[in-house]
Structure formats: structure tokens, C-alpha cells
Amino acid sequence: MEKIPYYPLRRVSDSFGGEIRQAVERVMDSGWFIRGAECEAFEHAFADFCGARYCVGVGNGLEALALILKGYVAMGRLQLGDAVIVPSNTFIATWLAVTAAGLIPMPAEPDASTCELNLSSVEFAYTHAEYSRLKVGAILAVHLYGRLAQMDRLRMFAENHGILLLEDSAQAHGAMMGESRGLLANRRAGALGNAAGFSFYPGKNLGALGDAGAVVTDDADLAAMVRKLANYGSGKKYVHEIAGENSRLDEIQAAVLSVKLRRLDADNEKRRSLAERYLAEMNNSLVRLPKMAETSRSENVWHIFPVHCAWRNELQEHLKKLGIETIIHYPTPPHLQKAFVLNYGAVGYPIAERLAKEELSLPLHPFMTESEIGRVIDGINSFSPNV
Ligand SMILES: *Cc1c(COP(=O)(O)O)cnc(C)c1O
């Protein structure tokens, strides 16, 4: 029985025919590998795609998020020691970006059924920070699993409190707000708050052949500051105004990303129709399926198809026996990791903790065959725990 891989990276690259290889060769032949025409071209294309003014290519997604926060600190919009509201259920990079910038993660619990931040828990986190004598400077929303966070509501909250609204868009390349979202209607991830960080890690919906990331924003001052910080704190060669770092999108990755960006919308559409088929045909009362996007199917690009099950480990074992590879996103929430448990472990975030025990991600990508799709659906429907 043939294995069904979670995400077959080789099949992804091959699906572009020779185009990716040609892009890599073009850069090799140019003899120019860092800060050149390929990076600039991708930055323009990706800013256009997102509907934002600026895109700055950087080394990876974590650095993109950290550079946004460090940029606002350098600009005086955030002060060292300010709190940043983050989801309690996210990949740890969201939190690490906050601490890397000298700021303090202030967790807010998600809605248990959508896995998204909800407004009342953001309000709670804000008040909790005030009681702890912390000033909240920003919300760092995560479009977890490819589904846009409730940016219209969060934006209202951020504006009312005079704080920044930032996007961790590492899982949501191309997701677009629905028609009914007022000011944010038809705007994409990357153009929904003050600034957004993207990752182009190979497994993301838009993935490079290695590490890569980008900061996307309409804020000209922030874009310039991020560019400077990411280039040793230098705007002009050998003149260093601030103590910066090195975080760059190289020419080979930029050339590859330019090729893949052209097919992103079509690939996301395939993910959507596949997710809709899963939702229509999976029917096991022990397995909770993810919620559709709230107002429009464009709001979810299905980076991940998460199911929740009280017998998660048994379900994973059952699927493994059928040759179906699955992944858990994520087995331990950030506050229970050793890196953070001293400061956060005592509080407890029960929704994040339960989601971490029950989540399982099924294979879902644009290159799945009919027979693979059928086997995953049958695998879910045939599960029952031996209890
Ligand atoms: C992948 C990811 C990141 C980090 O991106 P890297 O490029 O791996 O550093 C940050 N946040 C979320 C939600 C992610 O999924």
C-alpha cells in the first residue's frame, strides 16, 4: 500500500516543470546572489499581490515578525517592556518574535471551535496586562491554519486603544477578506493591519527551497526601518546608524518565489475545493472538523486541515496503519514549553492546552490524487477507538 505523505515537497517542485530549475540557473549564471534584481522584483510582485505598498525580503518568518517589532521599538512606537497580545495557541515563533524584540508576550485564548483569537479574550488579556502594570503596545494576530483572524473586530479594538495591529501571516499567503468586511473587504493577509510578517519556509503555501521571509506594510517609515535593521543597521554602505542584524532574502530564493507566486491563487483554490470535499464527505462523530471561513471562502487558504479528536493519538495511529501521514500542530502550547513555562506555566491557558491534546493535521495540498483523497476520507470515517 502506497504511503500518503503529509506534504510531498518533491512533487510540489516538479509540478512547476522546469521553471524552478530555470530560475535557479538564471541566478547562478548571473553571478549575483545577494541584494539584486531578483529580490527587488519579488518584493514588488509580492507587495502588489498583497495589496500593500511595501515588501522587504528577509531571512525567514521569525525574523520578519521580530524585525517589525524591533522596527517599531526603534521608531519609538513601542517601548522595551511593552506587552504584545498573542494567541495562546500558536507556533512558538509568534512568541519568540516578541521576546526577541525585548517585549512581553501577553497570551489571549482562542475560541475553542474556530481556534481563532476572540475579541473578549483579547479584552481580557488587555485588562490583565494593565493589572500587571504592563502597557500593551500591540496585538500580534495569527492567521492560524490559513484562516484569517477576525481582523475587522481586532482593528476596531486596536484603534480604540491606540495600539498597533500586526499580522503573523506565515500560514495565510493569499487569504482575502470577504465582501462584507467593511473597510477590510477584499484585502489580503499582509494588508489588514499596520504590518505583517510572512514565512516562505518550504512547507508554507508559498514556500522557497530553503529559509525565506518578508515584511509587508503600508507604513513607509517602518519599511525603511526594517530594511535598515536587516542590513546591519545601515542605510548607506559602511554607515551604521543603529545596531542592526543580518536578515536577507537571497537571489535564488527570490527567483524561486517569483515563479511560485504566479500560481499561488490557483493552488489555494485547489486547497479550498479539497477542504470542501473533506468537509462534505468526512462524517465521524468522534472527529470534529474545522469550521469554514466566517463570511467568505476566500478567507481561508487551508494551509492546514486541522481536525480535533478526544482520541487524537489513537486516530493518528489508525491513520498511520492505513499509510496516511499526519502532523500535530502543535503538541505543546508555547506557555508550557521550557522556554516560557517559568513565566507563564502557573497561569494556565486551558483552551490552548485542550486544543494541543486534540489537534491532528491531515494531508491537504494541491497535488493530491483522487485515490489519496478517498483514502484519507475513508481513514477518518472508519475510525473508532478501542475503549
Ligand atoms: C512558520 C511559522 C512562523 C515562522 O516562520 P519561519 O520562516 O520558520 O521562521 C511563524 N509563525 C507561524 C504561525 C508559522 O507557522
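Bear in mind the structure is a predicted one, so any value in this text is a computation, not a measurement. As the structure lists them, so they are numbered: ligands from 1, and atoms in each ligand from 1.
- Annotation: salt bridge (Lys or Arg N to Asp or Glu O under 4.0 Å) contacts of Arg77 (sequence neighbours excluded): none.
- Considering backbone and side-chain N/O of Thr90, none are found under 3.5 Å from N/O of ligand 1.
- Checked against a 6.0 Å centroid threshold, the rings of Tyr7 and His365 count as neighbours.
- Ranked by closest heavy atom to atom 7 (O) of ligand 1, the top entry among Ser199, Gly207, Pro202 is Ser199.
- Every N/O-N/O distance between Ala170 and ligand 1 stays at or above 3.5 Å.
- Close contacts of ligand 1 with Phe91, meaning ligand atoms under 4.0 Å from a residue heavy atom, involve 2 (C), 3 (C), 14 (C).
- Among protein heavy atoms, atom 1 (C) of ligand 1 sits closest to Lys204 NZ, 1.8 Å.
- Residues Ser113 and Asp111 bring a donor and an acceptor atom of their side chains to less than 3.5 Å of each other.
- Aromatic ring orientation, Phe49 versus Phe46: parallel (interplanar angle below 30°, classes split at 30° and 60°).
- Residue contacts with ligand 1: Gln171 is placed with a nitrogen or oxygen under 3.5 Å of a nitrogen or oxygen of the ligand (distance criterion only).
- With a 6.0 Å radius and a threshold of 12 heavy atoms from other residues, nucleotides or ligands, Met28 has its CE atom at or below the threshold.
- In summary, the atoms of ligand 1 found under 4.0 Å from a heavy atom of Asn60, numbered by their order in the structure, are 7 (O), 9 (O).
- At a 4.0 Å heavy-atom cut-off, ligand 1 touches Asp168 through the side chain alone.
- Proximity of the aromatic rings of Tyr145 and Trp302 is defined here by a centroid distance below 6.0 angstrom, and this criterion is not met.
- For CZ of Phe124, the number of neighbouring non-hydrogen atoms (other residues, nucleotides, ligands) closer than 6.0 Å is 12 at most.
- Not a single N or O atom of Ala93, backbone or side chain, sits closer than 3.5 Å to an N or O atom of ligand 1.
- At a 4.0 Å heavy-atom cut-off, ligand 1 does not touch Glu63 at all.
- Close approach of ligand 1 to Gly61 (heavy-atom distance below 4.0 Å) involves ligand atoms 5 (O), 6 (P), 7 (O), 9 (O).
- Of the polar atoms of Tyr201, none of the N or O atoms is found under 3.5 Å from an N or O of ligand 1, judged by distance alone.
- What sits closest to atom 9 (O) of ligand 1 on the protein, heavy atoms only, is Leu62 N, 2.9 Å.
- Note: Phe200 and His173 meet the aromatic proximity criterion, with ring centroids under 6.0 Å apart.
- Looking at Glu109 and Ser121, their side chains never bring a donor and an acceptor atom within 3.5 Å of each other.
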